Amino acid sequence: MPSEVLVVRDRAELDRAVAARIGRAVEEAVRERDWCFLALPGGSFLRGIYEELTLLQLPWGEVEFYFTDERCVPASHP
């Protein structure tokens with residue numbers, strides 16, 4: 001995917017735009033390979049994006065989810 005700069009008006013538009021891009025990537029992966037692996041990071045920043053994803057009609061039955069955490073700290077770390 002070529003690099004591009006996307007300018008949005010607000011957080012809601014950002015959430016919709018990111019969810020739409022993820023949705024297109026999921027559809028393309030399923031179309032090409034009949035399945036898709038999707039790694040989902042945690043954190044409150046992504047809440048709106050995930051809410052927007054739930055509104056999309058995607059082939060969820062063909063998606064295998066992985067929940068990730070990019071922090072390199074022990075689970076007990078504050």
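The chain is numbered in sequence order, starting from 1. None of these values were measured; they are calculated from a predicted model.
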Side-chain donor-acceptor pairs of residues 49-56 under 3.5 Å, sequence neighbours excluded:
from, atom 1, to, atom 2, distance (Å)
Tyr50, OH, Pro41, O, 2.5
Thr54, OG1, Glu51, O, 2.6

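Under a hydrophobic clustering in which Ile, Leu, Val, Met, Phe, Trp and Tyr are joined whenever their side-chain heavy atoms come within less than 4.5 Å, directly or via other members, Leu46 and Phe67 fall into the same cluster.
Residue pairs satisfying the ring pair (Phe, Tyr, Trp, His ring centres under 6.0 Å) criterion with at least one member in residues 9-43, sequence neighbours excluded, are listed as follows: Trp35-Phe37, Phe37-Tyr66.
Annotation: Arg11, atom CZ; neighbour count of heavy atoms from other residues, nucleotides and ligands within 6.0 Å is above 12. The number of heavy-atom neighbours closer than 6.0 Å to CZ of Arg9, taken from other residues, nucleotides and ligands shown, is 12 or below. In the displayed structure, Gln57 atom CD is contacted under 6.0 Å by at most 12 heavy atoms of other residues, nucleotides or ligands.
Residues Val26 and Ile22 are in side-chain contact: their nearest non-hydrogen atoms beyond the backbone lie under 4.5 Å apart. Looking at Arg21 and Leu6, their side chains come closer than 4.5 Å, going by heavy atoms from C-beta outward. Between Arg24 and Glu28, the closest side-chain pair of non-hydrogen atoms is not below 4.5 Å.
Considering every non-hydrogen atom in both Val30 and Glu62, the closest pair reads CG2-CB, 3.9 Å.
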